[in-house]
Amino acid sequence: MRMRRTFTALATMLALGVGIPAAVADSPHFVGNLGCDTDNKNTVGLICSGKVAGLGSTTTFVFLTADQVTATFECVNRGGNVAPGQPVVEEDVIGPVSTFPNPRNGQITFSVTIPPPPPPSPRQACPNGNWTVRQTGLNFVNVVLHVQQPPGTPPDANEVLTHQFGNLDP
């Protein structure tokens, strides 16, 4: 009789969820090293990549922001002569958002960018319209990597992880 009461009490506790530990919440974290590549900065801009785990199966958004992106240009004529151009400055830049609808085993591997500002028109920046514009430098101020999950859509979704890259002057 006593065994039956113990079994009944245990079965009731299990049915009510008493004594069962709560499910472990997702715990987003970076895996390995994060890195930024600027080898192709004049055509692609800033590219940062890495891996995140602990995301669960929720759609995940990854993107970069920068307080400021400054590109410097020079003007080159057909004879190869160079004249300094004017810098192009963009403020509060948000790079394209990469969306991962179903993280595999709670993990994603990402590569996100902030493209360079478009070059100015040779007619506006150079001595005349026969010159060409060539980018000579690119500087990123306060670059931040954002990992977000719903509710909401980027850049207003729930921030689950960030990484400060700081200033990058490749």
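Fair warning: this is a prediction, and the values are worked out from it, not measured in the lab. Values below: all heavy atoms of this structure, side chains included; hydrogens, waters and symmetry mates excluded.
- Residue pairs meeting the salt bridge (Lys or Arg N to Asp or Glu O under 4.0 Å) criterion with at least one partner in residues 102-117, sequence neighbours excluded, do not occur; the list is empty.
- The minimum heavy-atom distance linking Gln107 with Ala53 is given by the pair CG-CB, 3.6 Å.
- Within the 4.5 Å cutoff, the side chain of His146 has no heavy atoms near those of the Pro155 side chain.
- Of all non-hydrogen atoms in Leu161 and Pro28, the two that sit nearest each other are CD1-O, 3.8 Å.
- Hydrophobic clustering places Leu46 together with Val147 (ILVMFWY residues linked when any side-chain heavy atoms are closer than 4.5 Å, directly or through intermediates).
- When the options Val89, Val93, Val88 are evaluated for a side chain to side chain contact (heavy atoms under 4.5 Å, CB included) with Val69, the one that passes is Val93.
- The closest donor-acceptor contact from the side chain of Asn158 to the backbone of Pro150 lies at 3.5 Å or more, if one exists at all.
- With Phe63 as the partner, the side chain to side chain contact (heavy atoms under 4.5 Å, CB included) test is satisfied by one option alone out of Ile114, Thr99, Ile94: Ile94.
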Worked verdict on Leu55 versus Phe100 for side chain to side chain contact (heavy atoms under 4.5 Å, CB included) | CA-CA 11 Å; Leu55 295 169; Phe100 300 87; over 6 Å; no

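- Side chains of Gln164 and Asn142 form a contact here, defined as non-hydrogen atoms less than 4.5 Å apart.
- Follow the hydrophobic side-chain contacts under 4.5 Å out from Val141 and you never reach Phe165; the two are in separate clusters.
- A continuous path of hydrophobic side-chain contacts links Val52 to Val160 [ILVMFWY only; heavy atoms under 4.5 Å].
- At distances below 3.5 Å, at least one donor-acceptor pair connects side-chain atoms of Thr60 with backbone N or O atoms of Thr58.
- Summarising the geometry of Leu138 relative to Ala71, their closest heavy-atom pair is CD1-CB, 3.8 Å, with the distance given to 0.1 Å.
- Shortest non-hydrogen contact noted between Pro118 and Glu90 is CD-OE2, 3.6 Å.
- Once rounded to the nearest 0.5 Å, the distance linking OG1 of Thr136 with CZ of Phe73 reads 8.0 Å.
- The aromatic rings of Phe30 and His163 stand perpendicular to each other, their planes meeting at an angle above 60°, with 30° marking the opposite boundary.
- Between the OG1 atom of Thr65 and the CG atom of Leu145 there is a distance of 8.5 Å, given to the nearest 0.5 Å.
- Heavy atoms only, all atoms of each residue included: Val97 and Pro154 are closest at CG1-CG, 3.7 Å.
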For the pair Ile47 and Ser111, evaluate side chain to side chain contact (heavy atoms under 4.5 Å, CB included) and give the outcome as yes or no after the intermediate values.
-> CA-CA 7 Å; Ile47 303 171; Ser111 182; 3.3 Å; yes

Working for side chain to side chain contact (heavy atoms under 4.5 Å, CB included), residues Cys36 and Leu168 | CA-CA 9 Å; Cys36 293; Leu168 299 172; 4.1 Å; yes

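- In terms of modelled atom types and a separation under 3.5 Å, the side chain of Ser98 and the main chain of Val112 share no donor-acceptor contact.
- A salt bridge (Lys or Arg N to Asp or Glu O under 4.0 Å) check over residues 124-142, counting only residues at least two apart or in different chains, returns the pairs Glu74-Arg134.
- The number of heavy atoms from other shown groups lying within 6.0 Å of CG (Asn33) does not exceed 12.
- Taken to the nearest 0.5 Å, the CG atom of Asp169 stands 4.0 Å off from the CG atom of Asn139.
- With contacts defined as side-chain heavy-atom distances shorter than 4.5 Å, the pair Val133/Pro120 qualifies.
- The minimum heavy-atom distance between His29 and Gly54, with the atom names listed, is CE1-N, 4.2 Å.
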